[in-house]
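Here's the structure, in C-alpha cells; my notes come after.
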Amino acid sequence: MSLYSETPSAALLPSGFSDLLPGEAEAEARGIACVMEAFSRHGYERVRPPMLEFETSLLNGSGSALSTQTFRLMDPSSHRMMALRPDMTTQIARIASVRLQDAPRPLRLSYSGSCIVIGTPGREADRQVSQAGIELIGPDSAQADAEVVALGATALEELGIKGVSFDLSMPALALGLIESAIPAADQDELIQALNRKDAASVAELGGPIAGMLAVMLQAAGPADRALDMLASLDFPEAVRPHFDRLVASVAAIRERAPSLRLTVDPVDFRGWQYHTGLCITVFSTTSREELGRGGRYVAGQEPACGLTLRPQALLRAAPVPPARPRCYVPVRLGAEDMAALHAQGFATVSALEADADPAAEARHLRCTHFWRDGVVHAL
C-alpha cells in the first residue's frame with residue numbers, strides 16, 4: 001500500500017499555503033543562508049523561538065497588535081489556548097527580556113523561520129511566510145537605526161538584488177498632530193484618508209492642521225526633498241522631537257551607506273502596530289512587492305530596532321542562481337573521488353547498482369554529468 005493514496009483532492013492545500021518544489025526550496029534555503037551569514041559576520045547571534053506559544057504569552061504587551069492576524073488552537077495536553085506566531089519580532093523581545101536579560105547590551109540577535117498569518121479578506125495569497133531578520137536591543141539612537149538599515153542593505157547586496165530603496169516613515173509625526181488638534185471621534189476617518197493618500201478628504205477632515213497634512217502628503221519622495229519640505233512646518237513642541245529624530249536617522253544612514261537610496265513618506269502607517277518610532281519598508285526596482293519591513297519598538301521595557309526580510313520575496317527579486325551541476329556516479333565510487341567532486345561544486349547522485357549505460361541513467365535522473373573510468377563527462 002502506498003504511503004500517500006492519490007485522491008481527487010490530493011493536491012488541494014488551504015488558501016495561502018503552497019509546496020516549494022526542488023529548485024525552489026533549495027534556492028530559498030541558499031538565500032536564507034546568505035542573509036544569515038551576513039548578519040552573523042556583523043555580530044548578530046542567531047536564536048530560534050518556537051512556532052507555537054501560549055496565547056497569553058505570544059499576544060502579551062506589544063504582541064496584542066498581532067491578535068487579529070493570529071491562528072489559535074487548543075493544547076490537548078494543558079487545555080490552554082495556543083497561538084501560531086504571525087511574526088517573530090515579539091518573540092525575540094520575549095527572549096531578550098526573559099532569557100537574555102543579563103546579557104550585555106547592546107544585544108544583537110538574528111533569526112529565521114516561518115510564520116503563519118490569517119491574512120485579510122481577498123488577500124490570503126501568502127499565509128505561510130518566511131522571515132529572516134535582526135534585532136538591535138538596548139540603544140535608542142539614530143546610529144542604532146542606521147546600523148539596522150545599513151546591514152539590511154548589505155544583505156540584499158550580497159543576494160545580488162539591484163535598485164534597493166529603503167522607505168522611512170515616522171508615524172508619530174502625523175499621529176501626534178492629529179491627536180493634538182482633531183477630536184477623538186474623527187481621528188480614524190482622517191487617518192484612513194491619509195492611508196489612501198486622499199488629499200481632498202484630508203483637506204475636508206483636517207480642520208486646523210489640514211494645511212500641514214497637505215504638505216506632509218506632498219513631501220513623500222526622496223529623503224532630502226522630503227526633509228526640506230517638513231522643515232518648513234511648525235510642529236508642536238510635543239511632536240518636534242520625532243521630526244528631529246527622523247533627520248538624525250537619515251543623516252546617520254547616509255554616513256554608513258552613502259549610496260543607499262532613501263525615501264521618506266511622512267504619512268505612512270503601514271506595519272505592525274507595535275512600532276513606536278522610525279519605521280522601515282524595503283523595496284526594489286526589480287520587484288513590485290515589499291522585500292522587508294521593520295522599525296523601532298519596545299522589547300519588554302527596552303528600546304529596540306529591527307528589520308525583517310521576506311526570503312521568498314527576496315528570491316523573486318534576486319537574479320536566478322545557477323543550478324548546482326549533478327554528476328551521476330557509480331555505486332562504489334571512492335571517498336576521495338566523491339570529495340573531489342563535491343569540492344568542484346557537483347552534487348553527486350549515486351547509482352544503487354551497476355549500470356550498463358550510466359549516461360542513459362544520468363539523463364533519466366536529470367543529471368548534467370556522469371562519471372566513467374575516472375573522468376567526469378558532460379551530457
Side-chain angles (χ1 to χ4, degrees), residues 65 120 122-123 142 145-146 149 152 163-254 260-285 287-297 305 307:
T120 55
R123 299 188 64 183
D145 299 340
V149 170
V164 171
S165 172
F166 279 70
D167 188 51
L168 309 178
S169 63
M170 186 68 77
L173 274 177
L175 291 175
L177 279 176
I178 292 169
E179 291 169 0
S180 68
I182 304 298
D186 300 327
Q187 290 178 9
D188 285 346
E189 188 175 2
L190 177 55
I191 290 172
Q192 291 174 14
L194 288 169
N195 275 329
R196 298 193 306 268
K197 302 293 191 287
D198 184 347
S201 294
V202 169
E204 179 182 348
L205 300 169
I209 59 171
M212 294 184 71
L213 293 177
V215 172
M216 295 175 75
L217 277 171
Q218 296 166 6
D224 293 338
R225 169 184 169 275
L227 294 182
D228 285 344
M229 293 184 68
L230 294 176
S232 69
L233 300 178
D234 185 18
F235 290 110
E237 184 177 348
V239 177
R240 186 77 192 186
H242 298 298
F243 172 67
D244 293 340
R245 177 56 176 273
L246 178 60
V247 172
S249 294
V250 169
I253 295 168
R254 291 274 192 232
L260 182 61
R261 183 171 183 266
L262 294 179
T263 59
V264 169
D265 188 343
V267 293
D268 183 6
F269 301 103
R270 289 175 297 175
W272 300 114
Q273 297 305 307
Y274 55 67
H275 285 131
T276 59
L278 183 76
C279 291
I280 306 159
T281 310
V282 188
F283 297 100
S284 166
T285 55
S287 175
R288 295 184 178 181
E289 58 188 325
E290 65 182 44
L291 306 184
R293 183 181 293 179
R296 186 152 289 283
Y297 63 100
C305 187
L307 178 65

In short, Ala219 meets Pro266 closest at the heavy-atom pair CB-CG, 4.0 Å
Does Ser287 use its side chain to pair, donor to acceptor, with the backbone of Glu289 at less than 3.5 Å?
yes
Evaluate the side-chain contact (heavy atoms from CB on, under 4.5 Å) criterion for residues Arg225 and Val264: first the C-alpha distance (whole Å), next the side-chain angles of each, then the deciding distance (0.1 Å), finally the verdict.
CA-CA 9 Å; Arg225 169 184 169 275; Val264 169; over 6 Å; no
CE of Met170 to CG of Leu175: how many Å apart, nearest 0.5 Å?
11.5 Å
Walk me through whether Leu278 and Arg245 qualify under side-chain contact (heavy atoms from CB on, under 4.5 Å).
CA-CA 8 Å; Leu278 183 76; Arg245 177 56 176 273; 5.8 Å; no
For Asp265 and Val267, what are the C-alpha separation, side-chain angles and deciding distance, and is it a side-chain contact (heavy atoms from CB on, under 4.5 Å)?
CA-CA 6 Å; Asp265 188 343; Val267 293; 3.5 Å; yes
Rounded to the nearest 0.5 Å, how far does CG of Leu213 lie from CG of Leu173?
10.5 Å
Going by side-chain contact (heavy atoms from CB on, under 4.5 Å), name the residues that satisfy it together with Met212, two or more places apart in sequence or in a different chain.
Leu177, Leu233, Phe235
In Å, rounded to the nearest 0.5 Å, how long is the span from CG of Leu307 to CG of Asp145?
11.5 Å
Assess whether atom CZ of Arg196 is packed by more than 12 heavy atoms of other residues, nucleotides or ligands within 6.0 Å.
yes
For Leu217 versus Ala199, what's the shortest heavy-atom pair and its separation?
CD1-CA, 4.0 Å
Identify the two heavy atoms, one from Arg296 and one from Cys305, that lie closest to each other, and give their separation to 0.1 Å.
NH2-CB, 3.3 Å
With sequence neighbours excluded, residues passing side chain to side chain donor-acceptor pair (under 3.5 Å) with Asp186:
none
Rounded to the nearest 0.5 Å, the CD atom of Glu189 sits from the OG atom of Ser201 at a distance of 7.5 Å
Tell me the closest heavy-atom pair linking Leu230 and Phe243, and the distance in Å.
CB-CE1, 3.4 Å
For Ser165, all residues meeting side-chain contact (heavy atoms from CB on, under 4.5 Å), sequence neighbours excluded
Arg261, Thr263
Pairwise distance CD1(Ile280) to OG(Ser169) - rounded to 0.5 angstrom:
9.0 Å
Quick one: does any side-chain atom of Ser232 pair with a main-chain N or O of Met229 as donor and acceptor, under 3.5 Å?
yes
On a heavy-atom basis, the closest approach of Ala226 and Gly221 is CB-O, 4.3 Å
Roughly how far, to the nearest 0.5 Å, is CD1 of Ile191 from CG of Leu205?
11.5 Å
side-chain contact (heavy atoms from CB on, under 4.5 Å), that's the test. Do Glu204 and Asp198 meet it? Break it down for me.
CA-CA 10 Å; Glu204 179 182 348; Asp198 184 347; over 6 Å; no
